Participant: 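Questions regarding the structure given below will be posed in turn.
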Amino acid sequence: MELTFTKMQGAGNDYVYINGFDYTITPSQAEKLAVKLADRHFGIGGDGLVIIDPSDIADAKMRMYNADGSEGNMCGNAIRCVAKYVYDYAIAKKEQLMIESKSGVKPITVSTENNQVHLATVEMGAANFNTPAIPVLTEETQWIDYSFETAHGVYQVTALSMGNPHLVTFMKDIHTLRLSEIGPLFEHHSAFPERINTEFVEVHSNQEISMRVWERGSGETLACGTGACAAVAAAVVNGYCLSDSWVTVHLLGGDLEIYYSKEQIYMKGPAVEVFTGQLNISL
Ligand SMILES: N[C@H](CCC[C@H](N)C(=O)O)C(=O)O
């Protein structure tokens, strides 16, 4: 099957995008395709695969798959790129877009230059700290500054959902972390029946943090949009950052701006097309 794809990245979190308006790809095909195309040696290379489908309730629908083929419910960096694709390729040439995801419809405002999107602001919804909603298997109703035991020692963690599961821990220096060793201990821990995305955060001020992320199904990525929202939400409830103000999040792949309130989180960041291509693939 001849497939046209588009490679896009948001703060270095890169995915292969396929236009589902042109191709019908079943969930099981998408899971296999994600593993094949995400491979950085034998495929196109990326943190996963995103399929941009028609939607009955929004301008388009995002289906996101991690590099291991597992489907994620929401992806912040990818949804900005989906909005870019929908605008740039005239699926919906509007600066206020609605993009459907598995965790609801997200309103997105795009900023354009030369008739192309370069920046997008997403209404990400509210953080949910209730452990059953994340999910976390525990007697506790919330894990905020919770002492969490791993094979690598005890970490003070905060758990929350941004439509996908996140665990946030704060530390003095994130750059000496051996993430490939400790990331899987969190991702595959028995407390997380659906696994989990984990953010390791260094606080610089009440409006500036840095973070690294170990993503469920993709390993360490250069950025994670839902993860940046989770990091700021956890920083606010733990008293490190200000509520109702913008916080700059420095990630390995670039910066995201996050505005936290109890009711709504906004994420602002870049959306970049890297290249397009064709490939022949058997589904
Ligand atoms: N990179 C994405 C998050 C992917 C989450 C995925 N790893 C999962 O929840 O399974 C983001 O920018 O929000």
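Every value quoted in this text rests on a predicted model; they were computed, and no experiment measured them. One-based numbering, in listed order, for ligands and for the atoms of each.
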Participant: Under the rule for salt bridge (Lys or Arg N to Asp or Glu O under 4.0 Å), what residues qualify as partners of Lys7, not counting sequence neighbours?
Facilitator: Asp14
Participant: Quick one: do the Trp214 and Glu187 side chains pair a donor with an acceptor below 3.5 Å?
Facilitator: yes
Participant: Where does the angle between the aromatic ring planes of Phe186 and Tyr155 fall among parallel (under 30°), tilted (30 to 60°) and perpendicular (over 60°)?
Facilitator: perpendicular
Participant: When you look for heavy atoms under 4.0 Å from ligand 1, do you find them on the side chain of Asn77, its backbone, both, or neither?
Facilitator: both
Participant: Under the rule for side-chain contact (heavy atoms from CB on, under 4.5 Å), what residues qualify as partners of Ala159, not counting sequence neighbours?
Facilitator: Ile134, Val136, Trp143, Leu167
Participant: Is it the case that Asp68 and Asn66 place a side-chain donor and acceptor less than 3.5 Å from each other?
Facilitator: no
Participant: May I ask you to check whether Ser218 has an N/O atom sitting below 3.5 Å from an N/O atom of ligand 1?
Facilitator: no
Participant: Which of the atoms in ligand 1, numbered in the order shown and given with their element, are less than 4.0 Å from a heavy-atom of Met64?
Facilitator: 4 (C), 6 (C)
Participant: Is it true that Glu181 and His152 share a donor-acceptor pair across their side chains at a distance under 3.5 Å?
Facilitator: no
Participant: Which option, Gly227, Cys75, Gly217, Gly48, owns the non-hydrogen atom nearest atom 2 (C) of ligand 1?
Facilitator: Cys75
Participant: Tell me the protein heavy atom at minimum distance from atom 6 (C) of ligand 1, and give that distance in Å.
Facilitator: Asn66 OD1, 3.2 Å
Participant: Identify whether the distance between the nearest side-chain nitrogen and carboxylate oxygen of Glu202 and Lys172 falls below 4.0 Å.
Facilitator: no
Participant: Number the atoms of ligand 1 from 1 as they appear, then name those within less than 4.0 Å of a heavy atom of Thr226, with their elements.
Facilitator: 3 (C), 11 (C), 12 (O), 13 (O)
Participant: To the nearest 0.5 Å, what is the distance between OH on Tyr260 and SG on Cys241?
Facilitator: 11.5 Å
Participant: Please name the residue in the list Val232, Leu251, Ile258 that meets the side-chain contact (heavy atoms from CB on, under 4.5 Å) test with Ile209.
Facilitator: Val232
Participant: Strictly under 4.0 Å, does any heavy atom of Asn13 approach an atom of ligand 1?
Facilitator: yes
Participant: Going by atom types only, do Thr248 and Glu257 share a side-chain donor-acceptor pair under 3.5 Å?
Facilitator: yes
Participant: Looking only at protein heavy atoms, identify the closest one to atom 12 (O) of ligand 1 and say how far it is in Å.
Facilitator: Gly225 N, 2.6 Å
Participant: Among protein heavy atoms, which lies nearest atom 10 (O) of ligand 1, and at what distance?
Facilitator: Arg216 NE, 2.7 Å
Participant: So for ligand 1, is Cys224 a polar contact partner (N or O within less than 3.5 Å, distance only)?
Facilitator: no
Participant: Is there any N or O on Glu71 that sits under 3.5 Å from an N or O of ligand 1?
Facilitator: no
Participant: Do Arg195 and Ser70 have side-chain atoms, one donor and one acceptor, less than 3.5 Å apart?
Facilitator: yes
Participant: Suppose I only count heavy atoms of Gly76 and a 4.0 Å limit; which atoms of ligand 1 are within that range?
Facilitator: 11 (C), 12 (O), 13 (O)
Participant: From atom 4 (C) of ligand 1, work out which of Glu215, Met124, Met162, Arg195 has a heavy atom at the shortest distance.
Facilitator: Glu215
Participant: Could you see which bit of Tyr15 sits under 4.0 Å from ligand 1, with heavy atoms only: side chain, backbone, both or neither?
Facilitator: side chain
Participant: Which is it for Asn197 and ligand 1 at heavy atoms under 4.0 Å: side chain, backbone, both or neither?
Facilitator: side chain
Participant: Counting heavy atoms only, which of Leu256, Asp68, Asn164 comes nearest to atom 5 (C) of ligand 1?
Facilitator: Asn164
Participant: Within the structure, does Pro165 bring an N/O atom to less than 3.5 angstrom of an N/O atom in ligand 1?
Facilitator: no
